[in-house]
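First the structure, in the form of structure tokens, and then the observations on it.
So that the names make sense, note that chain A is the first sequence line, chain B the second, and so on, each numbered from 1.
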Protein chains: 2
Amino acid sequence: MMKKSVNTRRRILETAIRLFNGKGTKTVTTNHIAAAVGISPGNLYYHFRSKKDIIHGILDLMDECGFEAIKRIESKNAPLSLETIEHKFRVIQEINWRFRFFKRELPSLIMNDPALKVRFKKSHDVILFMLRDSMVRYSEAGLLMKMNDGEMDLLSHELWLVILFWLNYLEISGMKVTKKNIEMGSNLLREIIKSKMMATTRHKV
Amino acid sequence: MMKKSVNTRRRILETAIRLFNGKGTKTVTTNHIAAAVGISPGNLYYHFRSKKDIIHGILDLMDECGFEAIKRIESKNAPLSLETIEHKFRVIQEINWRFRFFKRELPSLIMNDPALKVRFKKSHDVILFMLRDSMVRYSEAGLLMKMNDGEMDLLSHELWLVILFWLNYLEISGMKVTKKNIEMGSNLLREIIKSKMMATTRHKV
DNA sequence: GTCTATAAGCGGATAGAC
DNA sequence: GTCTATCCGCTTATAGAC
């Protein structure tokens, strides 16, 4: 009996993700989700207190994915290289794509949900710190040029901005979200980092 | 009699902008707008066919602002310099700020309104072309390093991405949208362009 | 756990008086 | 041009049977 419930819960989440990605969280109603899952609205509300609760459930899933991705990436004991960075970018973009409604609506969602604002801010700070830390290590290893704190901050923000919004940029540009166009974001990141490379190491890439 | 109508129309638009900026286009209803203007819902629908019509009316206003801004900027006969670029960025950010609901919801709005998608795509192409053209001229003038077409494209996309999403980035980062933080976006643009400058000209800035 | 039925309210939008 | 009144559909969410 318990097992069936867990599955239904999961199916609601997966269906909601699919519909939200297609039409947005405001357009898609709890009734739509229930219908698409093939259950009654009442049943949906047995598993989730509210629509907001569904969204937060999806975010739990997303965080899980992100956590696993980080483990996978770090456990590879990857060397400090452009390839490593680009690989990370691709992994992150896969998550961004799977939950694309989220980044797409991020500013709006945050604006209308203080709890979400706090929640995202935490992830944001962690990721930004990790990114910055990576860059500092690259710099100390002599791969990137020496930068002061302000320059490091700016570089981190720049990279994170591209990672966060690249899919959105593709969407509004009318470009299809294809492997090739996602690759373009990867190229962009490489260009950004290459421009900070030591002249002595730059020819190697 | 005609005059009063024009004023009401304008008041509806200005009020809608304010409310949309604060709570988003989905949360703010036509009733909210009418109440905030101090008119009846029926009267609002005398001036606008639909809610979508209001949004498009706002965009007409925005385009007007953009057009005037471009005239202002170009008429100054500005020299090719970093300062000119940063000045342009600030002018654009003022418009982005005044109509901030738009860029904030851009991917969602486009998704649910095909006419808007076409409309924005046109602006997008024009601006991207202008940006690219600027960069090519800077390059030909010997201020920027020589780049091939692909590199030029990537640089243009990068600059446009930052311009488009910088305010969004501030919002989701939990940073206040202050003059100082907007300035940070300006700094970022400068860093991006500086990294493409000729070694011989770089020291001048 | 899942269903049916339904409450309660709000949304966009219109008709017709003034 | 503006208002009052109102319709209809849809939305979130709950009550209670099975």
Worksheet item: Which part of the nucleic acid does A:Thr29 contact within heavy-atom distance under 4.0 Å: base, sugar-phosphate only, or nothing?
Response: sugar-phosphate
Does OP1 or OP2 of [N] have a side-chain N or O of [X] closer than 4.0 Å?
| X | N | value |
| --- | --- | --- |
| A:His32 | D:dC10 | no |
| B:Asn43 | D:dC3 | yes |
| A:Thr8 | C:dT2 | yes |
| A:Tyr45 | D:dA13 | yes |
| B:Thr30 | C:dA13 | no |

Worksheet item: Under the side chain to side chain donor-acceptor pair (under 3.5 Å) test, which residues partner B:Thr84, sequence neighbours left out?
Response: B:Ser81
Practice prompt. For the pair A:Glu105 (side chain) and A:Thr25 (backbone), establish whether a donor and an acceptor sit closer than 3.5 Å, ignoring hydrogens and angles.
Written response: yes
Worksheet item: Using 30° and 60° as the class limits, which term best fits the ring planes of A:Phe101 and A:Phe20: parallel, tilted or perpendicular?
Response: tilted
Response to the item:
Between CG of B:Asn31 and C1' of C:dT14 the distance, given in whole Å, is 13 Å
Worksheet item: How long is the line joining NZ of B:Lys26 and P of D:dT11, in whole Å?
Response: 11 Å
Fill in: Pairs flagged by side chain to side chain donor-acceptor pair (under 3.5 Å) wherever residues 159-168 of chain B is involved - sequence neighbours left out
B:His124-B:Trp160
Discussion item. I want to verify a distance call: between D:dC3, C:dC3, D:dT2, whose nearest atom is closest to the A:Ile39 side chain?
Written reply: C:dC3
